[in-house]
Amino acid sequence: MPFNLHPRPIPGPRRVRRSTAGLLASAVTVCLVAAGAPAEPLGVGDRLYPALGNPGYDVASYDLAFTYSGRNDKPLSAVTTIRARTTATLDRLNLDFAHGTVESVEVDGRPARFTGAGEDLVVTPDHPLPLGSWTRITVRHTSDPVAAKGQEGGWVRTTDGLAMANQADAAHLVFPCNDHPSDKAMFTFRITAPNDYTAVANGLPTGTARGTRTTTWAYRSAHPMATELAQVSIGRSTVVHRKGPHGLPVRDVVPTADRTTLEPWLAKTPDQIAWLESKVGTYPFETYGVLMAQASTGFELETQTLSLFEKGIFTEPAYPKWYIESVMVHELSHQWFGDSVSPRTWSDVWLNEGHATWYEELYADEKADRPMADRMKAAYGASDRWREAGGPPGRPKPPAPGQKIGIFRPNIYDGAALVLYALRQEIGRPAFERLEKVWVQQNRDSSVGTADFVRLASAIGGRDLTGFFDAWLYGAKTPPMPGHPDWKPAAPAPAKGAGGPKGGA
Ligand SMILES: [Zn+2]
């Protein structure tokens with residue numbers, strides 16, 4: 001998930017999210033073609049994002065083609081081809097898409113009617129799609145990098161082009177999709193840009209075609225991916241290659257002008273991968289690297305195989321070296337926790353952020369002499385306040401209106417890492433370390449939820465831990481920390497204390 005960096009005091013990580021003013025605008029500019037029965041927006045019932053995803057089909061693959069003009073304030077022309085299998089008989093189907101103009105839709109090669117409803121593109125094929133059938137949907141559309149008022153995420157405009165930050169619910173600002181991590185799919189990308197740009201996407205390159213004025217770059221993912229983790233970088237970039245553990249291809253994408261300055265940071269990745277492999281097992285994907293974007297996003301993001309960072313955090317002298325390294329490890333550890341093993345619902349996001357914070361802290365403990373226990377004790381002191389402000393880690397409060405990434409509060413970062421610490425205290429270090437390895441190995445390339453984690457922890461811990469997790473994940477108050485009876489919640493903060501906005505029920 002986004003990992004917020006600034007503004008922050010030194011030392012120690014603090015995540016303060018930018019506030020985004022404005023209402024959540026409905027920015028659908030889909031051409032209205034269809035008549036007939038009223039179309040309505042649908043979702044898969046996510047408690048935090050009810051409009052995300054759509055029922056009735058399972059996407060197997062996305063083929064995304066973008067044509068970039070060289071101007072990042074103009075819409076890209078795009079073709080999105082979705083191959084899906086129906087899980088119901090469908091007279092029509094919904095895709096999530098909310099920020100572009102749809103020019104045409106074809107289903108299985110035949111023109112289909114389409115209309116907009118909320119943040120959905122509702123497609124009516126010329127014949128019903130039977131249950132259990134394969135279908136191919138081709139949408140010709142634009143993809144607008146200029147955010148509408150109140151919109152967050154999707155394309156990120158950099159000083160030299162574009163990058164992407166779709167978490168949690170913004171992939172459908174870029175391309176039509178089933179925008180929920182419970183429906184992972186394979187991805188191919190074809191990006192056409194003027195010859196002086198470099199385009200990079202998730203996965204490995206499959207070919208480059210250079211013309212007289214433009215170049216088309218193609219990439220393919222070797223593993224299924226959630227839409228929120230898609231990444232496309234277009235910029236005046238250099239791709240730097242090196243080898244990671246076991247010959248893993250590591251490729252970083254950096255502004256060409258900064259390549260030498262950034263090299264000391266880039267060189268750290270192979271050892272960080274090796275360190276994480278020693279903790280949780282083999283790196284789960286075909287490649288890794290960091291994308292250093294010339295943008296101020298206010299966060300870093302674990303896009304699959306190519307994590308997005310603001311270039312500025314590596315050149316800003318105020319950040320201590322150990323801290324930047326632990327942020328790199330945070331995003332890297334998401335490749336196991338959050339990317340390879342995805343949350344089934346957004347309420348399971350503590351499994352992403354709790355683990356990423358855990359390894360971020362463990363790395364700082366082992367490599368920079370920043371004791372994890374100290375940070376856990378501090379988190380314990382704040383945990384009741386975080387629970388009150390953001391909900392308990394396993395049941396975060398919905399985002400406030402106009403702040404759709406507002407679920408990324410301390411309760412799911414340090415608050416959730418604290419749950420893992422309590423678990424390690426409860427079942428002991430050897431069982432905990434085994435649980436971590438088995439969890440990522442058993443659930444590789446899938447979407448799983450909290451109940452799955454509780455079940456596995458109980459099996460490996462040798463006893464039913466349902467009650468333990470109920471208290472730690474869902475309690476309004478933080479339970480006593482096993483083995484640390486002296487840890488106490490800090491006194492309530494005066495008046496407008498820590499924590500985010502109070503969401504709904
Ligand atoms: Zn994170």
Side-chain angles (χ1 to χ4, degrees), residues 1-5 8-17 279 299-300 320 322-323 325-327 329-331 333-334 337-338 348-397 406-427 429 432 436 450 453 457 468-494 497-500:
M1 313 293 154
F3 181 100
N4 296 322
L5 257 169
R8 60 175 294 281
I10 306 291
R14 159 96 50 103
R15 297 144 185 117
V16 182
R17 186 162 286 287
K279 303 296 178 194
F299 57 80
E300 325 309 318
W322 70 268
Y323 176 64
E325 286 185 48
S326 69
V327 174
V329 169
H330 178 109
E331 304 309 334
S333 65
H334 272 310
F337 298 95
D348 300 314
V349 68
W350 75 275
L351 286 166
N352 296 19
E353 296 307 339
H355 282 107
T357 305
W358 179 268
Y359 291 101
E360 166 205 330
E361 294 192 2
L362 192 60
Y363 189 85
D365 181 310
E366 293 188 8
K367 302 284 188 179
D369 201 22
R370 304 267 157 179
M372 187 181 220
D374 292 354
R375 287 176 64 174
M376 291 297 173
K377 188 177 181 184
Y380 192 90
S383 173
D384 278 359
R385 289 203 309 272
W386 291 338
R387 284 169 188 248
E388 194 192 345
R395 195 174 291 131
K397 290 181 181 178
I407 64 165
F408 296 94
R409 308 176 181 101
N411 59 333
I412 64 157
Y413 288 89
D414 296 59
L418 189 68
V419 175
L420 296 175
Y421 188 82
L423 176 64
R424 194 179 75 174
Q425 294 288 100
E426 181 75 13
I427 65 176
R429 191 180 290 252
F432 179 82
E436 293 286 278
T450 300
F453 190 74
F468 169 87
F469 278 109
D470 278 353
W472 275 93
L473 289 175
Y474 306 121
K477 296 284 180 193
T478 315
M481 178 59 76
H484 289 291
D486 55 315
W487 288 13
K488 301 288 178 205

Enquirer: Quick check: closest heavy atoms across Pro393 and Pro396, and the distance to 0.1 Å?
Expert: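 Shortest heavy-atom contact: O-CD, 3.7 Å.
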Enquirer: For Glu300 and His330: C-alpha separation, side-chain torsions, deciding distance, then whether side-chain hydrogen bond (donor to acceptor under 3.5 Å, both in side chains) applies.
Expert: CA-CA 9 Å; Glu300 325 309 318; His330 178 109; over 6 Å; no
Enquirer: CG of Leu351 to CD1 of Ile412: how many Å apart, nearest 0.5 Å?
Expert: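 Here the rounded value is 10.5 Å.
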Enquirer: Ignoring hydrogens and geometry, is there a side-chain-to-backbone donor-acceptor pair from Asn411 to Gly390 under 3.5 Å?
Expert: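 Yes: the side chain of Asn411 pairs with the backbone of Gly390.
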Enquirer: Among Lys377, His484, Glu426, Glu361, find the one that has a side-chain hydrogen bond (donor to acceptor under 3.5 Å, both in side chains) with Tyr421.
Expert: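 Among Lys377, His484, Glu426, Glu361, the one meeting side-chain hydrogen bond (donor to acceptor under 3.5 Å, both in side chains) with Tyr421 is His484.
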Enquirer: Kindly write out the residues that satisfy side-chain hydrogen bond (donor to acceptor under 3.5 Å, both in side chains) with Ser383, not counting sequence neighbours, or none if the list is empty.
Expert: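 Arg387, Thr478.
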Enquirer: Taking it one step at a time, do Glu325 and Lys367 satisfy side chain to side chain contact (heavy atoms under 4.5 Å, CB included)?
Expert: CA-CA 10 Å; Glu325 286 185 48; Lys367 302 284 188 179; 5.7 Å; no
Enquirer: For Gln425, give me all partners under side-chain hydrogen bond (donor to acceptor under 3.5 Å, both in side chains), at least two apart in sequence or on another chain.
Expert: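 For Gln425, no residue satisfies side-chain hydrogen bond (donor to acceptor under 3.5 Å, both in side chains) once neighbours in sequence are set aside.
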Enquirer: Among residues at least two apart in sequence or on other chains, which ones pass salt bridge (charged side-chain N to carboxylate O under 4.0 Å, His left out) with Glu436?
Expert: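 Residues passing salt bridge (charged side-chain N to carboxylate O under 4.0 Å, His left out) with Glu436: none at all.
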Enquirer: How would you list, by chain and number, every residue that makes a side-chain hydrogen bond (donor to acceptor under 3.5 Å, both in side chains) with Trp350, sequence neighbours excluded?
Expert: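 Thr450.
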Enquirer: Sequence neighbours left out, what passes ring pair (Phe, Tyr, Trp, His ring centres under 6.0 Å) with Phe337? Give chain and number order.
Expert: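 Result, ring pair (Phe, Tyr, Trp, His ring centres under 6.0 Å) vs Phe337: His355, Tyr359.
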Enquirer: If you take all heavy atoms of Gly475 and Pro392, which pair is closest and at what distance?
Expert: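 Gly475 and Pro392 have their closest heavy atoms at O-CB, 3.5 Å.
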Enquirer: Got a sec, which residues hit side chain to side chain contact (heavy atoms under 4.5 Å, CB included) with Asp470, two or more places apart in sequence or on another chain?
Expert: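 Expected list: Thr466, Tyr474.
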Enquirer: The criterion is side chain to side chain contact (heavy atoms under 4.5 Å, CB included); which residues satisfy it with Ala422, sequence neighbours excluded?
Expert: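 Partners of Ala422 by the side chain to side chain contact (heavy atoms under 4.5 Å, CB included) criterion, ordered by chain and then number, come out as Phe468, Trp472, Met481, Pro482.
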Enquirer: Evaluate Arg370 against Glu360 for salt bridge (charged side-chain N to carboxylate O under 4.0 Å, His left out), listing each step before the verdict.
Expert: CA-CA 11 Å; Arg370 304 267 157 179; Glu360 166 205 330; over 6 Å; no
Enquirer: Backbone N or O of Ala471 within a donor-acceptor pair of the Lys477 side chain at under 3.5 Å?
Expert: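 Checked: no pair found.
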Enquirer: Between Arg375 and Ala364, which heavy-atom pair has the shortest distance, and what is it?
Expert: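 Shortest heavy-atom separation between Arg375 and Ala364 comes out as NH1-CB, 4.2 Å.
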Enquirer: Report yes if some heavy atom in the side chain of Phe408 is under 4.5 Å from a heavy atom in the side chain of Glu353; otherwise report no.
Expert: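 Yes; the side chains approach each other to less than 4.5 Å.
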Enquirer: What about Trp358 and Tyr363, are their ring centers closer than 6.0 Å?
Expert: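 Ring centres of Tyr363 and Trp358 not closer than 6.0 Å.
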Enquirer: Say you draw a straight line from CG of Leu362 to OG of Ser333; how long is it, rounded to the nearest 0.5 Å?
Expert: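 Result: 10.5 Å between the selected atoms.
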Enquirer: For the CG atom of Asp348 and the CZ atom of Arg395, what is their distance to the nearest 0.5 Å?
Expert: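 Rounded to the nearest 0.5 Å, the CG-CZ separation comes to 11.5 Å.
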Enquirer: Would you say NZ of Lys279 has more than 12 non-hydrogen atoms from neighbouring residues, nucleotides or ligands within 6.0 angstrom?
Expert: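 More than 12 within 6.0 Å, yes.
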Enquirer: Indicate yes or no: at least one non-hydrogen side-chain atom of Leu423 is less than 4.5 angstrom from one of Phe469.
Expert: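 Result yes, sub-4.5 Å side-chain heavy-atom pair found.
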Enquirer: Can you list the residues that meet the side chain to side chain contact (heavy atoms under 4.5 Å, CB included) rule with Asp369, with sequence neighbours excluded?
Expert: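 Asp369: no side chain to side chain contact (heavy atoms under 4.5 Å, CB included) contacts found.
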Enquirer: Once side chain to side chain contact (heavy atoms under 4.5 Å, CB included) is applied, do any residues pair with Pro480, and if so which ones, sequence neighbours excluded?
Expert: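 So Pro480 forms no side chain to side chain contact (heavy atoms under 4.5 Å, CB included) with any residue.
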Enquirer: Restricting to non-hydrogen atoms, name the atom on Leu420 and the atom on Phe432 that form the minimum distance, rounded to 0.1 Å.
Expert: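 Nearest pair, atom of Leu420 first, then Phe432: O-CE1, 3.6 Å.
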Enquirer: With Lys488, which residues qualify under salt bridge (charged side-chain N to carboxylate O under 4.0 Å, His left out), at least two apart?
Expert: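 In terms of salt bridge (charged side-chain N to carboxylate O under 4.0 Å, His left out), with neighbours along the sequence ignored, Lys488 is linked to no residue.
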Enquirer: Rounded to the nearest 0.5 Å, how far apart are CD of Glu366 and OG of Ser326?
Expert: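 If I round to the nearest 0.5 Å, the distance is 13.0 Å.
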